[in-house]
Structure formats: structure tokens, C-alpha cells
Amino acid sequence: MRSSVRTVTALVAAGLLATVAACSSDKSTGATNETSADGKVIIDTFTPADQTMNLDTNQVTKIMSDKFKIQFRWQTTTFDAGPAKEKRQIALASNDYPDLFFLIPWVDAFTQAEVLKLGQQGVALPLEQLIKDNAPNIQKALDTNKTYKEMSTAPDGHIYALPQWADCFHCSASDKLWMNSAWLKKLGLQQPKTTEDLRKVLQAFKTQDPNGNGKADEIPMTSDVQDSSLIAYLMGAFAYDPVGANNGVRSLLALNGDKVVTPVNAPAWREGLKYIASLYKEGLIDQAAFTQNAQALQAQGNNPKAITLGSVPVLHPYIFVQADSKDGRDRQYDAVPPLTGPEGKSYTGWNYPSSTGYTFMLTNKASKEAQVAAIKMLDYIYTDEGQMTTNMGPLGVGWNKPGPGDVALDKSTKPLYKPVQNAPKNISWGALGQYNNTLAFRNAQVVPTDALSGAGYERRLFDATKLYETHFDKSQYFPQTSVWPDPSLSGELATLQTNLNSYVNQNQLAFITGSKNLDTDWDAYVKGLDSTGMPRYLEINQQAYDKYKAGSK
């Protein structure tokens, strides 16, 4: 559904990277140091910031500036992914790029292919010696976390950029379904356990006036194009639907033993699409689910006239309903575990909890002094104190030490910190600083025991994810976080992936909405998948996976 945007972006990126090669091949790393009037090293820093952030006056900016003698000269984008990516690529193409790219993965981040290109061109500086000499906490993370080291280290052995490590447990089960339990109770129904149970529940939502207003205004199931896990949640009852690890772009790859395969041409996938199409044909899936944006979904969920949403397949309920709603509607939605299909299958895709986007990159425009100051700053962020300060703000403002009776997110864990509820704006760097956000660290935060309150939301998501984790089949997960493709094939691979994603997305929607017939058009779809490049795409990824396996033993 975002395939056309990805196509344009991929083509622009390829062209801009080629331009970077022409502009910067003669660049050296001997950049001149620039200092401010008070003796701080000036670092031009490219980063996203939302409307609540003024990085020049931000409290964490001041802390980092004083602690590491850095004068940040910010070049900011918004949190809008498309414009943020475009601005970054234009900066590179025009040779007007900064000393430091400091990004947020779910806004915009470098891909493996971009990291390799920029490293080979000399734009991205190797970091491994800089880390060894100046950053013991980063070095410890690389030495103790095998996957993080694999993610960070390019095939030539260099670390040209670092990804964040944000071990988000609730993110690991991204394909959740949230259902209105108050409606179930009113209609005398139980949460569905099978695909046919779900059909009956949605039929009841549609026809039995569960909101009690005498109008047929109930929407049994809907979503939005940015956040939807509708196909994936329902497909899990028929086939393993790989989540991927690229911030919302579904993967086309799975493993059958050590063989790289795709599920999207299998008979089980066809059966899953048939089931989804049948729900759509009955009017149980809202037509707008495949076209509306996030704002439109929120408008449906927060409809002041009536509660109209029966179920929504998205990562978390605040995507579609306001926290702490006056009428309590936000408390009505509970997670429904993965359904069981007619063949007994019940999968949910495992979303690798940390992003593969590369977010910290020093360029050849950074002086030696800037390089050292920046890596020392990042090293501080890798400590617990650095995590708490960067993510939440100063002690006593953004977070406090736990008190008597405080309970950690994981109740078996000793609490470490207590985020301040409704903290002031512009006191932290938030998601910019999630570099050593381990599961142990996240689970040690104090969270109120009322999981249905806005303040207890993290506990609600934690508890919901527990219902899904037993349905992960990690044996089918293709480790995109660790497998680096052959750099000489990165351009071809990116084009194949873009074209295939577009082809699959368009055809899935055609089959579901009825513009294509699964009985008569399936074979042509499979042939088209081959002609769009699926065999070659699998071949390239198989070669990369084989090389990874050989090196990891």
C-alpha cells in the first residue's frame, strides 16, 4: 500500500548515491576542527525533531553540550518519513551533508546498502578503532551481543554506522488484534479462537447493534494503511507471514530449514487470502481499512456520537482510540491471541524487537576532535544513566528513583527508574537515544498496576504480548538483522525488493477486494511473481544467508 512511495524513494536513492560517489570520492578524513567562542567543538548534526522539540533549548542538549564540550549545529527534519528521507538524500547528493547523522529508525535511517556504499566511498567513517579507543560501553555491547555486532559490522569488517538497540518486547508481536470486549459481553459472546469464530463475532457486531444506539453504524473490523496488520493477523491462521525488520515494510522471506523461501506463492497463502476476501465480501471488513490514513482511523475510534469500532488489527490500541477517554472506551479493547485456522495453524510473525536501520553515522566532514566528542557522547548514552537521561530527561524532571511499593514492568524485576507522568515538553531526546535499550532495562521501569490506564499502558502491551509470544515460529525467521547482502548486488536487490513488494501488495488487495479472482487468476499471479524477479531475489538472499551461516559457525 506504500509501494509506490517506496519505488520512487528507491530510484531516487540509487541516483543520489551515485551522485555522492562523484562528489566525495576525493574527500579525506582530515577535516578542520571548528570551535565555538567558549571552546566547544562544533558538530553539524542532522536529526529529526517533532513539533514539541526545540533542540537548541532542549535540556538534554544542554547536558550533552556541557558534559562533552559540544556545540551542536542542528539540521532538522520533521518526523514525516518521506520528507525526512528526501532531505537526507539531497544533503548527500549536494555534498552538503553534516559531520554527524543522528537519526530515529522509525522516521528515517540508512539501509545496509546505503551504509556499504557510503563506507566504500569514504563518506561514512569507520568507527571500530574510534570505539575501541574511546567508547568502552559501546565496545561492551558489541562484545556481548552477537546479533548487535553482526548488525553493525559490514562484510569488509568495518563499522561504518551503528543501529539503535531498542529491545521492545511488545513490538516483537506487531500483528495484534484489539477487540471490543464490552460488545462481546453485551452480545453474550466469547473472544474468538478460530477463523470461523471470528466470522460469527464480526457478523454479530455488524447486525446486533452492540453499541445500542439503534443504528447500523458498527464497523466490525477496520484499520489504516500506515499501521495495519489486518492481512498478517488473519493470514497467521493459514501461513507464516514474515514481519521483516524494516520499520513496517513486510518481509517476503522465510526459512524452510536453511533454504530461503517465500510464503506468498504457496497454496496456504492462497487459502488465507480466500478467507480474508470472504470477510470483505460479507462487509465484515471495512472498505476504508485499505485506503484511509491514521487520522481517519482515529476519527472513527474517537467518534463522539457513538462507539463504532468492533476490532482493529494494529500494534496497540492508542493508534485508534484516545488514551483515558472520558467515556472509558479506550478500556474496552483487549488483545485477541492468534486464531487457529482450519488446518490447525496458529502463527504470528516475530518482529525482531530492534530496528535494522542505521542511525549514528560520522562522515568525513567531522574533524578528529568532533569524532571523539561524538563517540564519547554516544558511549554515555549506552549507560543506564545515559539511557534514562537521554530518553526521559534529567533526574527529578523526567524520571525519579523508585519508591516503596513501586512495581517494575516485569514484576519479577527490581525497579530501576520511574518515568514522570505528563512530564514537561522538550526535556529529553526521546527516541534519539535508544541505543542500549535492553530488555532488562525496559523491564525495570516502574509502571502503574492499572494496565488499562494511560499511565499503565506499557503494562497493558506487555501483558498482551505474552498472549502472542508462544505463537512465534522463529525457525522460519529470515535473519535480516544479521545477513548483509553482497555489496555488488545491493542495487539489484533493492530494485527487486521494491518491485516485488509492490507486486505482492497490489495483487493481495485485488484478490481481497474482488477485482481479481483467486480461483481463475492465482496461477497468473504466481507466474507474474516469477517474471517480477522472485527467483533471482531468493537466489541473492540464499547466497547471502549461506555466507552468513558459514561465517557464524
Side-chain angles (χ1 to χ4, degrees), residues 1-4 175 177 192-207 219-223 225 228-243 250-254 256 259 261-292 311 313 338-349 473 476 496 499-538:
M1 286 165 277
R2 286 172 285 175
S3 56
S4 59
D175 300 337
L177 176 67
K193 294 183 179 180
T194 69
T195 50
E196 288 311 303
D197 287 346
L198 178 66
R199 186 190 303 278
K200 292 174 183 177
V201 166
L202 297 182
Q203 288 170 340
F205 284 176
K206 181 178 174 65
T207 62
I219 302 170
M221 179 180 287
T222 194
S223 195
V225 294
S228 179
S229 57
L230 190 153
I231 294 174
Y233 176 82
L234 298 175
M235 185 62 72
F238 297 86
Y240 173 79
D241 188 342
V243 175
R250 303 296 300 194
S251 175
L252 297 171
L253 302 175
N256 182 359
K259 183 179 180 181
V261 298
T262 184
V264 300
N265 58 7
W269 197 269
R270 177 185 181 182
E271 293 307 307
L273 291 176
K274 275 188 176 183
Y275 171 73
I276 301 169
S278 72
L279 298 181
Y280 183 87
K281 187 175 181 179
E282 289 185 48
L284 305 180
I285 295 174
D286 184 20
Q287 291 185 8
F290 300 113
T291 58
Q292 69 183 348
S311 63
L339 303 172
T340 299
E343 301 297 324
K345 295 176 182 176
S346 183
Y347 296 123
T348 192
D473 184 357
Q476 296 192 59
L496 285 168
N499 292 341
L500 287 165
N501 273 319
S502 176
Y503 180 83
V504 170
N505 288 342
Q506 290 172 9
N507 278 275
Q508 282 187 153
L509 288 180
F511 286 131
I512 290 168
T513 59
S515 62
K516 285 191 175 182
N517 187 300
L518 278 158
D519 292 322
T520 59
D521 296 325
W522 178 258
D523 290 344
Y525 157 75
V526 172
K527 289 179 181 177
L529 199 60
D530 289 347
S531 63
T532 306
M534 182 59 79
R536 176 62 176 158
Y537 184 66
L538 294 175

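Starting from 1, each residue takes its place in the sequence as its number.
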Mind listing the side-chain donor-acceptor pairs of residues 229-241 below 3.5 Å, one per line with the distance, residues two or more places apart or on another chain?
| unit_1 | atom_1 | unit_2 | atom_2 | d |
| --- | --- | --- | --- | --- |
| Ser229 | OG | Lys176 | O | 3.4 |
| Ser229 | OG | Pro313 | O | 3.1 |
| Tyr233 | OH | Val336 | O | 3.3 |
| Tyr233 | OH | Pro337 | O | 2.8 |
| Asp241 | OD1 | Arg250 | NH2 | 3.2 |

Solution key, residues 271-279 side-chain donor-acceptor pairs under 3.5 Å, sequence neighbours excluded:
| unit_1 | atom_1 | unit_2 | atom_2 | d |
| --- | --- | --- | --- | --- |
| Lys274 | NZ | Asp519 | OD1 | 3.2 |
| Tyr275 | OH | Thr195 | O | 2.6 |
| Ser278 | OG | Arg199 | NH1 | 3.2 |
| Ser278 | OG | Arg199 | NH2 | 3.0 |
| Ser278 | OG | Tyr275 | O | 2.6 |

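You'll find the side chain of Asn507 stays beyond 4.5 Å of the side chain of Trp522, heavy atoms only. Taking the side chain as every heavy atom from C-beta outward, Trp269 and Gln508 approach each other to under 4.5 Å. The closest side-chain heavy-atom distance from Met221 to Leu284 is not below 4.5 Å.
Atoms CZ and OG1, from Phe290 and Thr222 in turn, are 8.5 Å apart once rounded to the nearest 0.5 Å. Note: Asn256 CG to Thr262 OG1 = 12.5 Å, rounded to the nearest 0.5 Å. The line from OG1 of Thr513 to NZ of Lys281 is 12.5 Å long, rounded to the nearest 0.5 Å. To the nearest 0.5 Å, atom NZ of residue Lys193 and atom OG1 of residue Thr340 are 9.5 Å apart. Put simply, CG on Asn501 and OH on Tyr537 are 6.5 Å apart, with the number rounded to the nearest 0.5 Å. Considering OH of Tyr280 and CD1 of Ile285, their distance stands at 9.0 Å, rounded to 0.5 Å.
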Are Leu500 and Leu529 close enough, and set up right, to give a side chain to side chain contact (heavy atoms under 4.5 Å, CB included), and what steps lead you there? CA-CA 7 Å; Leu500 287 165; Leu529 199 60; 4.1 Å; yes

Test log, rule side chain to side chain contact (heavy atoms under 4.5 Å, CB included), inputs Met534 and Leu538: CA-CA 6 Å; Met534 182 59 79; Leu538 294 175; 3.9 Å; yes

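Side-chain N or O atoms of Ser311 include one that pairs as donor or acceptor with a backbone N or O of Pro220 at under 3.5 Å. Side chain of Ser251 to main chain of Val243: no donor-acceptor pair is present (N/O by atom type, distance under 3.5 Å, no hydrogens or angles).
Counting non-hydrogen atoms of other residues, nucleotides and ligands closer than 6.0 Å to CD of Glu282 gives a total above 12. Atom CD of Glu343 sits in a sparse spot, with 12 or fewer heavy atoms from other residues, nucleotides or ligands closer than 6.0 Å.
The shortest non-hydrogen separation linking Val264 to Tyr525 is O-OH, 2.9 Å. The two residues Ser223 and Gln292 make their nearest non-hydrogen contact at O-NE2, 2.7 Å. Minimum interatomic distance between Ser346 and Pro338 (heavy atoms only, all atoms of both residues): OG-O, 3.4 Å. Here the closest non-hydrogen pair linking Gln287 and Thr291 is O-OG1, 4.0 Å.
Checked by atom type, the side-chain pair Gln203/Thr207 shows no donor-acceptor distance below 3.5 Å.
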